[in-house]
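Shown next, in structure tokens, is the structure this report addresses.
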Amino acid sequence: MKMHDYSVLVQDVVKNYGKTQILKKLCMKVETGQIYGLLGSSGCGKTTLLSAIVGRRKIESGEIWVLGGKPGDPGSGIPGPKVGYMPQETALVREFTVKDAIYYFGRIFNMTEKAIEERYKTLDELLNLPPENRYLKDCSGGQQRRVSFAVALVHQPKLLILDEPTVGIDPLLRERIWSYLFEVTKKEKISVIITTHYIEECRQADKIGLMRDGRLLTEDSPDNLLATFNTQTLEEVFLILSQRQEAGQLPLSNETTVNSSRLNETNEQYESTSVMSSVQSIPEGYKSTDMLTKKLKPNISIIGKRRMRALLDKNAKQFYRNTLSISFLLAMPILQLLLLLYSVGLEMRYIPIGIVNDESMSAFCPDFSIIGSAEPEKDVLSCHFHNLSCRFLKYHLTDPMITKVEYHSLKEATEDAMHGKVYGVMHFAQNFSEALELRGEDGRDASNETLEFSTIKVRLDMSNQQVGISVQNKLRNLYMDFHESLSADCNYPKGYGAVPVQMNYEYGSRDEDYQVFMIPGNMITMMFFFGATMTSQIMISEKHDGIWDRSIVAGVTSFELIASHLSFQGVIALFQSFEMIALVYIVYQYEYFGNIFLMYAILAMQGVCGMAFGLFISVICSNITMANNATMGFYLPMIIVSGVLWPIQGMPEGLQILAKILPSAIPIESLNTVVKKGLSIDSWIVACGLGQSILWTIVFVTLSLIFLRRQR
Ligand SMILES: Nc1ncnc2c1ncn2[C@@H]1O[C@H](COP(=O)(O)OP(=O)(O)OP(=O)(O)O)[C@@H](O)[C@H]1O
């Protein structure tokens, strides 16, 4: 036979998954214009073999030649338009209509719109396709398989590889498919490899390969097989051969492709006179074709316009036809931020504090008048105080943070504090005003009693530190205000009695909400997370449904796959960042000093970085659970050290370095700097924030490309 008489030659192929050998020195020959039925029990390696033939799986050893080239070699056209591949699973986008599916692959195969339309009509007649506008998710299993079959035929390939195409298809249509296969193999010299579980269906094939446990037991025409084994059915042939294999009566090493007429020979006879040794079996011309194809420039460019268009169109349809996911992706940033704005970092309110006022026996002092509570004495420097506890309680302890709860005994108030009814207890001594007056007058001669009674005693519950510290700071500030008002009434100079440390606030203010610190960090980490989950979920489910593999076999490059996803999801990330910035700084008018477009750029770039991370996760993980675990495993520790919960300055040095290397900490600082200090991109920290997101994006995308190319 000459080289062009063969479409596929498989020689001594070994394929392992981990340590398990799946294909064991397998040999196979498919002649041009032939229907080759590949039969074998479940799990014997048929799909693995077909994946290797279409260039989706690397083999450990041996050789595969398809249409004159080696799958995966540049210029071989495989993966690519030379092959029509129908995988076992439907491997089509569920959001596609029947027509979309045909058009998607037509474009990937670089067909013109007119050619696709014509081909669609032919296939519709042949396969009785469901209505063109019906979504694939609404089609029955059998209907989906028909569409999947049509997709494999759309570009009239030279080699058709069909993995169980007739499952779930009614007998009449099955017959039509077979007669179509006859027609194209005979008229157009197309070759077909078909696997099926209906063994007898393969009687119509020109040649049958019986496969078991990673080896080809025999390959021959159905008639020869039946005659050699003197049986009525192919099932019986398969059974006989399987029993012989079990009994060790077939050659263990599949170094030869077994012709059935020789299977009745003894093992010794067989081995001594192999018809096709592995060395002899590849026709000479095939090797020279290899040289030729190597000289050819790759016919699949790294980025093709039509393929990109098809991929982007697919992504858009998947997105806008999935109302739930659109709503989720667009509403989540808003919902999360609203929750943040209304729940985190705001000043606390209505914290109950028990008041024991032994001076006037009231926490509210309804009849108290401020007039005369602090009167300067004539001619002397001292000042006369009266009922200052009421002055403090009625005129200063009025902040919404604190709710006064009146108690008449210190014991009762302390007990309630222990049981969590109040967060603290404030006690004024019976002679508080008098002692405070004496404290001023006596100066350094003030007695211990005077100091004791003139002190407002506060016991705070610090079991919740955030609450405790907030109340403590508030009480200190209120007391300072109270003290200043007393000084004013006593005609003391302004600032007399104030703590002699002058605090000026360069950026922000003394009473700024913790929330203002929280917002940029939360926005950055949210964007990273949204980007990562969105991309990993979409891509993993595509991979899981076989859409990736099918597209790659059709000729889509890894680069196109990644570029189409990142560019489409990038638009979503831009929109999500816009939503966040607009909500916080335009709708809620939080103060910002920098350029709002720069703030937007830092945020959006972090979203893109998250997407690149999601891409990497989807490449290295095989299912959604693994992807979720990997995303969480990276994201949660990253949040802890990113400075959102606690400034990184408070961490040990090693952790600080780690935090600064990870993708979010520096962008958070960068966004904070632009928001609060109004610095521009000229500033080192702002540039670093943007640069770090870009750098990590490049790292994740490069790693994804490397892993994608290796995963065969
Ligand atoms: N990616 C993989 N990693 C590890 N093992 C795998 C992988 N894919 C397949 N296998 C294993 O390899 C063996 C052959 O699988 P393959 O899908 O090729 O069988 P098959 O003959 O096509 O089966 P079926 O007729 O049921 O589709 C099976 O035991 C399967 O579990």
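Counting convention: from 1, in listed order, for ligands and their atoms alike.
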Could you check whether the rings of Phe568 and Phe319 sit parallel, tilted or perpendicular, using 30° and 60° as the cut-offs?
perpendicular
Looking just at side-chain N and O atoms, do Glu201 and Thr166 make a donor-acceptor pair shorter than 3.5 Å?
yes
Going by salt bridge (Lys or Arg N to Asp or Glu O under 4.0 Å), Asp100 matches just one of Arg134, Lys137, Arg321. Which one?
Arg321
Is Lys317 atom NZ crowded by more than 12 heavy atoms from other residues, nucleotides or ligands, each under 6.0 Å away?
yes
Among all residues two or more places apart in sequence or in another chain, which pass the salt bridge (Lys or Arg N to Asp or Glu O under 4.0 Å) test with Arg119?
none
Minimal heavy-atom distance between Ala630 and Cys621, with the atoms involved, is CB-SG, 4.0 Å
What residues come within 4.0 Å of ligand 1, counting heavy atoms only?
Tyr17, Ile22, Ser41, Ser42, Gly43, Cys44, Gly45, Lys46, Thr47, Thr48, Gln88, Glu164, His197
